[in-house]
Amino acid sequence: MTAKTSPEQPLPIRSVLQMVAQWIGKLGTVWAEGQITELSSRGGTVFLTLRDPVANVSARVTCPRNVYEATVPRPVDGARVVVLVKPDFWVNRGSFAFTALEIRPVGIGELLARLERLRQVIVAEGLANAERKRRLPFLPGTIGLICGRDSAAERDVLENARRRWPAVRFKVETVAVQGPYAVGEVTEALRRFDLDREIDVIIIARGGGSLEDLLPFSDESLVRAVSACRTPVVSAIGHEQDNPLVDLVADVRASTPTDAAKKVVPDVGEQLALVRQLRDRGRRVVGGRLDRELSWVAALRSRPSLADPVREVERRAEQVEGLRDRARRCLTSSLDRAEDSLEHLRARLVALSPAATLERGYAIVQLPSGDVVRQAVGLTSGDGLSLRFSDGRVEVTVDKPAT
């Protein structure tokens, strides 16, 4: 498309369309995978829409009848296929479509391998980690239920939940749970419930089925939508042996829709029984505590200090008197010992006193100066002396000195 054009020299639209057709024709063939939707046939041509399994995009594909009928097993609406397509541009209608040159159904083994690869990706990204899973509320105010139209799964969830807790409230979104529209409708219902502030828990429920029937619940876009949901999600897809990838990222996995009702709503009978048990246990605990406190009070009251306070005062008074008498005895004994010691000391002093010596007949000779005369030598005639006796003094004069 390198033609030179201008407002004065435009190209006819047919020329432009022919140039587009020539450019698209140079693209060649390519193998593409998708899910067949809107399958129809007219004359020798089969018309189908090939939908991307993850993104919400699709393309029109025309297939010669002989190519379609040569595919074993023959593809049906909702089947996954790998198609060798060639892009074509129809000049007359100005429309684009693919022409299928070969169709190969995706087998069960290939589906399982792809699901396993997607499972590994989910686990590697941490979307299945236990710490990401939220606990369900004890008693949700309103439960959002996503299920098939007029399905047994809807009846199982509603009947079992209301049997367990009659006042439970539901908001139900009926959607396609298999086929090409299932992923889009379930994802949209999930988005609406997640935005609804009245919804406390979301249940995605579906009965059992084949691997192909449950494939929408292993779709990557739905799995990521469930993991990004802010409201707790319960997955109740199929039976116990079924394990769609939604189970990995859901906050709680229920083995069946009935099990989902049991996990989300408490049993009123069990709760009443639990209340009675807790009430009886509380009464026993309180009664035991009161009995222990009453026993303690009774023991306290039976103590002598409280049972007969006067007796305790008297006992203390007796103790005081005893201590007083003991103190008196100790003080008297100490005084007696001190008196004896004093008398003994006085006797010693008296025995050692010069007065005692004088009483035994001795006298003290003193000079007028008061000095004691210890020897006769040195005295001369006429010296005055004082003789001190025990009962007085006598003044004498030396008549004859010692020789």
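Residue numbers count from 1 along this sequence.
With hydrogens and angles disregarded, no donor-acceptor distance shorter than 3.5 Å links the side chain of Asp194 to the backbone of Cys229.
More than 12 heavy atoms of other shown residues, nucleotides or ligands fall within 6.0 angstrom of atom CZ in Arg164. Taking a 6.0 Å sphere around NZ of Lys262, one finds it holds 12 or fewer heavy atoms contributed by other residues, nucleotides or ligands. For Trp296, the CH2 atom is loosely surrounded, since the number of other residues' heavy atoms within 6.0 Å does not exceed 12. Surrounding CZ of Arg279 are more than 12 heavy atoms belonging to other residues, nucleotides or ligands, all under 6.0 Å away. Counted within 6.0 Å of CG on Asp399, heavy atoms from surrounding residues, nucleotides or ligands total 12 or fewer; the atom is thus considered open.
In this model, a donor atom of one side chain and an acceptor atom of the other lie less than 3.5 Å apart for Thr49 and Arg60. For the residue pair Arg132 / Asn129, no side-chain donor-acceptor distance below 3.5 Å is found, with atom types taken as modelled.
For the atom pair CD of Glu293 and CG of Leu290, the computed distance is 8.0 Å after rounding to the nearest 0.5 Å. Atom CG in Leu50 sits 11.0 Å away from atom SG in Cys63 (nearest 0.5 Å). Expressed to the nearest 0.5 Å, how far CG of Asp267 lies from CG of Leu272 amounts to 9.0 Å. Put simply, CG on Asp340 and CG on Leu345 are 12.5 Å apart, with the number rounded to the nearest 0.5 Å.
When all heavy atoms are compared, the tightest approach of Thr142 to Phe170 is CG2-C, 4.4 Å. Smallest separation of non-hydrogen atoms from Val157 and Ala261: O-CB, 3.7 Å. The two residues Arg104 and Trp31 make their nearest non-hydrogen contact at NE-CH2, 3.7 Å. Considering every non-hydrogen atom in both Ala225 and Thr187, the closest pair reads CB-CG2, 4.0 Å.
Between Arg155 and Glu159, none of the side-chain N atoms (NZ, or NE/NH1/NH2) sits under 4.0 Å from a carboxylate O, so this pair counts as no salt bridge. For the pair Glu102 and Lys86, the salt-bridge criterion is not met [side-chain N within less than 4.0 Å of a carboxylate O]. At a threshold of 4.0 Å, the pair Asp251-Arg134 counts as salt-bridged, since one of the basic side-chain nitrogens sits closer than that to a carboxylate oxygen. Between Glu343 and Arg346, at least one side-chain nitrogen of the basic residue sits less than 4.0 Å from a carboxylate oxygen of the acidic one, meeting the salt-bridge criterion. For Arg149 and Glu173, the salt-bridge test fails: no basic side-chain N is under 4.0 Å from an acidic carboxylate O. Arg169 and Glu198 are not joined by a salt bridge, as no carboxylate oxygen comes within less than 4.0 angstrom of a charged side-chain nitrogen. With respect to the salt-bridge test (charged N to carboxylate O, under 4.0 angstrom), the residues Glu188 and Arg191 qualify.
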